[in-house]
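Just below is one structure, and these are the notes that go with it.
Every chain is numbered from 1, with letters handed out A, B, ... down the list of sequences.
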Amino acid sequence: MALRLWNTLENRLVEVEPVKAGEIRMYNCGPTVYSDPHIGNFRSFLLGDLLRRAFDQRGFKTTQVMNITDVGHLTTDDVADASGEDKLEKKAKEEGLDPFEIALRYEQMFHENASQLHLVKAHEYPRATDHIPEMIQMIEQLLERGHAYAVKDVGVYFRVHSFEKYGGLSGNTLENLDSGSRIEVDERKESAHDFALWKIDDKHLMQWDSPWGRGFPGWHIECSAMSLKYLGGTFDIHTGGEDNIFPHHECEIAQSVGAGVGEFARIWVHARHLLVDGQKMSKSKGNFYTINDLVERGFSGHEIRYSLICNHYRQPMNFTIDGMDGDTKAVQRLRTLRKKLEEASVGSAADTEVDAPLEESMRQFDACIDDDLNLSGALGVLHDRVRALGRDLPEGSAALRALEFLRHCDQILGVIFVEDESPTVPLTDSQQQLIQRRETARAEREWSLADEIRDQLLAEGILIEDGPTGTTWSHQR
RNA sequence: GGCGGCAUCGCCAAGUGGUAAGGCACGGGUUUGCAAAACCCGCAUCCCCGGUUCGAAUCCGGGUGCCGCCUCCA
């Protein structure tokens, strides 16, 4: 059974049939690098990662490209300035750095967070600023084909009326846009809905030469130009957050198809936004979480990852710290089983015997993933099996086979076998001594002393657990 | 005003015609020196009204509520 995905372009579930047999070429809309990436950004990036993992696991030769948007874009959202200042420049002024330094810094932050959340590395992370010539070339093609027009000292616009299919992705056809219009018409544009391909504005810090004067590219053109360069004019999958559907992706389609480079992306997959505490995440509401915020609260990367992927990507997700606490327990249980199985299988040789229940669970797990990345369903299957394995813990080769099953699931999930990336703070000498003294006390059945020491260590953030194979310690959140 | 989506246990959430997965929380147990972990048992008839059907959370119609997008946004 092939993987099926909800294609925003057709508004239906479609089977993934690669343009080129056995190969998947995928473009993920990546981060805009002028602030710390937040959990909402990562919900979208994780959608790309889950697809990548699913295709890899199914044996496709996958090429994954994620852009880095390091050209700032006009902003009107920050209440402080409704003037349309560039976000990168705004940040640059605030921090007294040049925009390229700001961009680079946040790009590094993005990669760091991505690695904390165990995203598989994409094959390319092209930066917009490294592809200005490619963008200029595409704009020239659009001008030649009559899909664009230049306005002296202003820039170049895409002529939306020249592109019949405009609105095909979002439903915002020109007719619909007109009837619901709330935009002020810019006199220099032929149509209110025409969007910028190249902008000229002296005040901008980031500037490049172009046939139309020194300026900077419009927001949408980078994805059209870079996807063409790295994936070709027709490729399989394009992903992003739901807010990208319009205008960003709609405009990308118009540009790429208009430039005559091919069919562009066949399947468009969009992640719904997540809410925090039932409301849209925003800094002013105080419900805005970056990955770093959660790390500071003591959550591990794999815990954050689990929490962000355990819901269906097409359902609005309500993120809460209480929910994260619960998800943390769930993922801990998976990792505990892994540890127990590893201990139970030490020294055993793999064999080829098949455990029918494991096979069945694996089949069901895969079927859920194939069904539009039904992670909730897949996790249900996994947890069912985990409970059964915990009830009657296999040993030896059977434990190895159970581990194989977990590993199979974790090729998608990426939360069970990943190393805990939080820095391991070693025990202090006095803490080690306390543990020693407690061991002695327990051996002498001095329970009250043992309990006292355990409490003391807990107060210092060290969690002591006595198991059948001995006492272990770990850092308590 | 235009386009689109959602409504299932205290919370998160799967299930798209055959009689309600799973996780967290909660209550009761087993185990443990005690705890932790693990395991066992318990815990919903699916927003409302009407219709189709032998049978609906699932399909249709009508309500109600909530959310996203409409050129800042993952």
### G-U wobble or Watson-Crick pairing nucleotide for B:rG55 (cut-off 3.5 Å, both distances)
none
### Query
Closest nucleotide of RNA chain B for A:His38 versus for A:Ala388: which of these residues is on the 5' side?
A:Ala388
### Task
Report which part of the nucleic acid A:Leu274 touches: base, sugar-phosphate, or nothing (heavy-atom distance under 4.0 Å, all strands).
base
### Task
State, with a plain yes or no, whether a side-chain heavy atom of A:Trp6 is found less than 4.5 Å away from one of A:Val14.
no
### Task
May I have the distance from A:His270 (atom NE2) to B:rA74 (atom C1'), rounded to whole angstrom?
10 Å
### Query
Across all strands shown, which nucleotide pairs with B:rA13 by Watson-Crick or G-U wobble geometry, both distances under 3.5 Å?
none
### Query
Base, sugar-phosphate, or nothing for A:Arg314, non-hydrogen atoms under 4.0 angstrom?
nothing
### Query
Do A:Phe195 and A:Gln255 touch side chain to side chain, with heavy atoms closer than 4.5 Å?
yes
### Query
With sugar-phosphate meaning primed atoms plus P, OP1 and OP2, does A:Asn374 contact a base, only sugar-phosphate, or nothing at under 4.0 Å between heavy atoms?
sugar-phosphate
### Task
May I ask you to say what A:Arg387 touches in the nucleic acid, namely base, sugar-phosphate or nothing, with a heavy-atom cut-off under 4.0 Å?
sugar-phosphate
### Task
Give the rounded distance in Å between these two atoms: CG of A:Asp392 and P of B:rA38.
17 Å
### Task
Would you mind reading off the distance between A:Asp327 atom CG and B:rA13 atom C1', rounded to a whole angstrom?
10 Å
### Query
Contact class for A:Arg391 (heavy atom, under 4.0 Å): base, sugar-phosphate, or nothing?
sugar-phosphate
#### Entry: Rounded P spacing from B:rA37 to B:rC26 in Å
11 Å
### Task
Could you tell me if the ring centre of A:Phe45 sits under 6.0 Å from that of A:Phe42?
yes
### Query
What is the distance from CG of A:Asp277 to P of B:rC66, rounded to the nearest Å?
18 Å
### Message
At 4.0 Å (heavy atoms only), tell me whether A:Asn311 reaches a base, stays on the sugar-phosphate, or touches nothing.
### Response
sugar-phosphate
### Query
Looking only at atom P, what distance separates B:rU45 and B:rG10, rounded to whole Å?
10 Å
### Query
Given that A:Gly241 and A:Asn172 both sit by RNA chain B, which one's nearest nucleotide is further toward the 5' end?
A:Asn172
### Message
Taking any heavy-atom pair under 4.0 Å as a contact, classify A:Gly323: base, sugar-phosphate, or nothing.
### Response
nothing
### Message
Do A:Val415 and A:His118 make a side-chain contact, defined as non-hydrogen atoms from C-beta onward lying under 4.5 Å apart?
### Response
no
### Query
Which whole-number value in Å describes the distance from A:His312 NE2 to B:rA21 C1'?
16 Å
### Query
Taking atom C1' of B:rA37 as reference, at what distance in whole Å does atom CZ of A:Arg335 sit?
15 Å
### Task
Could you tell me whether the phosphate oxygens of B:rC39, OP1 or OP2, come under 4.0 Å of any side-chain nitrogen or oxygen in A:Arg333?
yes
## Note on the structure
Between CZ of A:Arg272 and P of B:rC66 the distance, given in whole Å, is 15 Å
### Task
Could you tell me whether A:Ala330 contacts a base, only the sugar-phosphate backbone, or nothing, with contacts defined as non-hydrogen atoms closer than 4.0 Å?
sugar-phosphate
### Partner nucleotide of B:rG68 by Watson-Crick or wobble geometry (both distances under 3.5 Å)
B:rC3
### P-based separation of B:rC6 from B:rU16 [nearest Å]
14 Å
### Integer angstrom distance from the P of B:rC40 to that of B:rG23
9 Å
### Message
Categorize A:Gln315 for me: base, sugar-phosphate, or nothing, with a 4.0 angstrom heavy-atom threshold over every strand shown.
### Response
sugar-phosphate
### Query
Expressed as a whole number of Å, how far does the P atom of B:rG2 sit from that of B:rC72?
22 Å
### Atom-pair distance (OH on A:Tyr289; P on B:rC73), nearest Å
25 Å
### Query
Using 30° and 60° as the class limits, which term best fits the ring planes of A:Trp212 and A:Trp198: parallel, tilted or perpendicular?
tilted
#### Entry: Quiz item: A:Asp466 side-chain donor-acceptor pair to B:rC34 base, under 3.5 Å
yes
### Message
Roughly how many Å apart are B:rC70 and B:rA14, using the P atom of each and rounding to a whole number?
### Response
26 Å
### Message
Tell me whether A:Arg407 forms a cation-pi arrangement with A:Phe417, defined as NZ or CZ under 6.0 Å from the six-membered ring centre and within 45 degrees of its axis.
### Response
yes
### Task
Report yes if at least one side-chain N or O of A:Asn41 is closer than 4.0 Å to OP1 or OP2 of B:rA74; otherwise report no.
yes
### Query
Which part of the nucleic acid, if any, lies within reach of A:His383 when heavy atoms closer than 4.0 Å are counted: base, sugar-phosphate only, or nothing?
sugar-phosphate
## Note on the structure
Taking B:rG15, B:rC70, B:rA37 as options, the one with an atom nearest any side-chain atom of A:Asp371 is B:rG15
### Message
Using a heavy-atom cut-off of 4.0 Å across all strands, would you classify A:Asn244 as base, sugar-phosphate, or nothing?
### Response
sugar-phosphate
### Query
Contact class for A:Gly326 (heavy atom, under 4.0 Å): base, sugar-phosphate, or nothing?
sugar-phosphate
### Query
Which is true for A:Ser376 with a 4.0 Å heavy-atom rule: it touches a base, it touches only sugar-phosphate, or it touches nothing?
base
### Query
Would you say A:Lys121 has more than 12 foreign heavy atoms packed within less than 6.0 Å of its NZ?
yes
### Task
Evaluate side chain to side chain contact (heavy atoms under 4.5 Å, CB included) for A:Leu169 paired with A:Trp268, printing each intermediate quantity in order.
CA-CA 9 Å; A:Leu169 181 71; A:Trp268 291 80; 3.9 Å; yes
### Message
Any strand counts, and the cut-off is 3.5 Å on both contacts for Watson-Crick or G-U wobble. Which nucleotide pairs with B:rC47?
### Response
B:rG63
### Task
With the side chain of A:Trp219 defined as its heavy atoms from C-beta on, choose the nearest nucleotide among B:rA21, B:rC73, B:rG2.
B:rC73
#### Entry: Gap in Å between the two P atoms, one belonging to B:rG65 and one to B:rG15, rounded
28 Å
### Query
From B:rC34, B:rC69, B:rU71, pick the nucleotide closest to the side chain of A:Asp451?
B:rC34
### Task
Have a look at A:Arg12 and say if it touches a base, only the backbone sugar-phosphate, or nothing, with a 4.0 Å heavy-atom cut-off.
nothing
### Message
Return the pairing partner of B:rG27 with a 3.5 Å limit on both distances, Watson-Crick or G-U wobble; otherwise return none.
### Response
B:rC41
### Task
Could you measure between the two P atoms, the one in B:rC48 and the one in B:rU53, and give it in whole Å?
22 Å
### Task
Respond yes when some side-chain nitrogen or oxygen of A:Thr320 is under 4.0 Å from OP1 or OP2 of B:rC11, and no when none is.
no
### Message
Below the 4.0 Å mark, does B:rA25 have OP1 or OP2 next to a side-chain nitrogen or oxygen of A:Lys329?
### Response
yes
### Message
Please verify the inter-ring angle class for A:Phe158 with A:His147; under 30° counts as parallel, over 60° as perpendicular, anything in between as tilted.
### Response
parallel
### Query
If you check every side-chain atom of A:Ala450, which of B:rG33, B:rA37, B:rA74 has the closest atom?
B:rG33
